[in-house]
Amino acid sequence: MKVHIAKTTDLLSVQSDLAVIGVYEDDNTIRLEHISDEYQRLLHDAITRKEFEGKMLQTLSALPASRSSGQRILFLGLGPENALTTDRMRKIFGHLAQVTEKMKVRSVAMGLPRGSFSEEDAVTAAAEGWILGAWQFEGYHQESKDRYLPDLHISGVNRPESAQQALDFGVVVANQQNLTRELGYRPSNMLYPELLAEEAVRAGNRHGFSVEVFDEKKLRELEMGALLGVGQGSIHPPCLVVMRYDAHAAKTLALVGKGITFDSGGISLKPSAAMDEMKYDMLGAGAVLGAMCAIAETKPRVNVIGLMALAQNMPSGSAYKPGDVVRAFNGKTIEITNTDAEGRVVLSDAVSYAAHLNADWIVETSTLTGAVLVVLGHEATGMVADDDGLAHQVLQAGETVGERIWRLPIYPEYKDLYKSKVADIKNSPGRDAGTITGGMIIREFAGGIPFVHLDIAGTAWTKEGPTNAVDGATGVMVRTFVELAHKIS
Ligand code: BES
Ligand code: ZN
Ligand code: MN
């Protein structure tokens with residue numbers, strides 16, 4: 001599954017079981033110097049027969065007679081030349097990893113496609129796509145299946161040194177994104193707050209960032225009544241994980257994630273259909289953890305604090321109830337009108353703690369509302385932001401790495417929706433503008449520090465992931481967070 005920069009720029013002289021020839025849709029000539037007439041003929045015949053047109057992700061496998069080595073070739077559609085972006089590159093290489101695994105080859109060589117992006121960005125995207133595409137959740141089957149993951153050699157690179165750096169960057173980010181995906185798949189009996197906190201401790205040791213775990217006792221000392229409230233119905237106690245990457249920089253970025261390891265809804269119980277999906281209600285926290293690992297490896301010049309608010313939302317004799325009032329770390333009170341709106345409750349403590357730590361920017365992400373799926377489906381993350389500067393940085397970071405984000409308005413009138421008669425705010429204002437009020441409620445705890453909320457309920461788990469053909473956890477926001485940290489440093 002490794003990715004290498006080939007020493008030679010000529011595709012066909014790279015030692016490999018399979019040579020992949022990229023073909024554009026609008027110009028089907030092969031752009032390779034030392035290509036034999038036979039290859040041109042093979043492609044030409046396929047095109048005349050309309051077997052292959054160079055459409056994005058289309059493939060055509062062939063066995064040229066003249067190759068005594070037994071090396072096979074694969075034509076791979078790149079789509080129209082002027083439509084090729086680094087995002088498409090990621091998808092193309094992800095698809096290639098899946099196709100070539102089925103071909104049971106050990107090594108694959110492909111020339112780096114060109115477009116209106118730098119060679120370095122192309123290599124990063126190719127490496128990311130390959131590693132994301134090859135990854136699968138192993139599962140818990142009695143017998144594990146054998147996998148044939150070939151190595152990839154990228155040829156046609158002009159600046160091998162900077163390309164190697166770009167490749168290493170892509171490998172780190174994609175591997176950490178896969179860690180996040182893995183956490184999303186893990187069922188809640190195998191990933192409850194304590195275990196996710198242990199994952200963070202191990203990751204901190206591995207990648208070199210510090211990790212503190214605030215257990216129930218510590219949460220009580222700090223008077224984090226909101227996180228405690230949500231967690232009190234479960235046999236698995238809640239905790240807050242504080243991770244720090246210290247670059248000795250002047251500015252600090254705080255990344256905050258919702259980590260509900262299972263969201264049954266609590267006393268406001270969810271319907272049982274598809275309730276199993278709520279094992280992935282911790283993917284905000286998962287993205288923060290994956291991003292912290294990649295940040296510690298790639299070392300941007302900004303301090304980064306990662307906070308994970310971890311709890312399991314369960315109905316029980318000790319569970320928090322509709323009508324309860326909880327007090328968050330910053331002293332604000334929340335009336336619980338629906339125990340299923342638990343994300344904003346746990347985040348109220350985590351975000352006020354980020355403000356307490358004097359972060360310069362707070363970026364929080366959560367699988368917060370079903371409503372964001374109604375607005376944007378699985379195609380984009382919903383953003384609620386108060387600071388235009390930070391909002392633009394995050395939007396741009398997302399665009400650069402191919403993670404779509406769409407900003408929603410925050411009109412002051414929406415505030416009326418979450419007013420409470422008995423507390424400072426109520427947690428569940430109702431259906432109207434549900435994604436916006438969710439974000440605005442969390443923002444109440446940011447203490448006026450530039451704040452961005454990213455609702456990933458639709459993008460953290462998709463039917464057809466950005467790079468994987470099968471459905472499942474995407475690890476969305478890992479790439480955006482890593483890009484953001486480098487961008488603002
Ligand atoms: N974790 C859910 C949101 C969710 C829904 C995530 C679907 C992924 C897919 C969240 O805790 C929740 O239950 N939200 C409620 C909020 C409402 C009670 C204000 C919702 O969306 O219905
Ligand atoms: Zn939830
Ligand atoms: Mn819920």
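Start at 1 and go down the list; that is how both ligands and their atoms are numbered.
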Ignoring hydrogens, what is the shortest heavy-atom contact between [X] and [Y]? Give both atom names and the distance.
{"X": "I436", "Y": "Y414", "result": "CG2-CD1, 3.6 Å"}
{"X": "E335", "Y": "S420", "result": "OE1-OG, 2.7 Å"}
{"X": "K258", "Y": "S366", "result": "CB-CB, 3.4 Å"}
{"X": "V401", "Y": "R479", "result": "O-NH2, 2.8 Å"}

Is there a side-chain contact between R327 and K332, using heavy atoms and a 4.5 Å cut-off?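 They are not in side-chain contact.
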E277 atom CD, neighbour heavy-atom count above 12 within 6.0 Å: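 Correct, the count exceeds 12.
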For R206, I'd like to know if atom CZ has over 12 heavy atoms of other residues, nucleotides or ligands within 6.0 Å.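 Counting other residues, nucleotides and ligands, CZ of R206 exceeds 12 neighbours.
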Look at R147 together with E101 and state whether they make a salt bridge at an N to O cut-off of under 4.0 Å.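 Judged by the 4.0 Å cut-off on N to carboxylate O distance, R147 and E101 do form a salt bridge.
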E444 and Y418 side chains, donor-acceptor separation under 3.5 Å: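 Judged by distance alone, the side chains do pair up.
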Between T462 and T474: side-chain donor-acceptor atoms closer than 3.5 Å: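 No, no side-chain donor-acceptor contact under 3.5 Å.
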Distance below 2.8 Å from the Mn ion (ligand 3): protein N/O/S atoms: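 Near the Mn ion (ligand 3), below 2.8 Å, one finds D263 OD2, D340 O, D340 OD1, E342 OE1.
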Listed once per pair and sorted, the salt bridge (Lys or Arg N to Asp or Glu O under 4.0 Å) pairs that draw on residues 189-202, sequence neighbours left out: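 Those involving residues 189-202 are R186-E199, E199-R202.
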When you look at F329 and F445, which way does the ring pair (Phe, Tyr, Trp, His ring centres under 6.0 Å) test go after all the steps? CA-CA 9 Å; F329 175 71; F445 298 86; over 10 Å; no
Keeping waters out of it, list the protein N, O or S atoms under 2.8 Å from the Zn ion (ligand 2).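 Under 2.8 Å from the Zn ion (ligand 2) - ignoring waters, which are not counted - the protein N, O or S atoms are K258 NZ, D263 OD2, D281 OD2, E342 OE2.
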Name the residues with a heavy atom less than 4.0 Å from ligand 1?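 The 4.0 Å shell around ligand 1 contains K258, D263, K270, M278, Y280, D281, N338, D340, A341, E342, R344, T367, L368, T369, G370, S428, A457.
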Short side-chain to backbone donor-acceptor contact, S118 and D121, under 3.5 Å: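 Looks like yes, one N/O pair under 3.5 Å.
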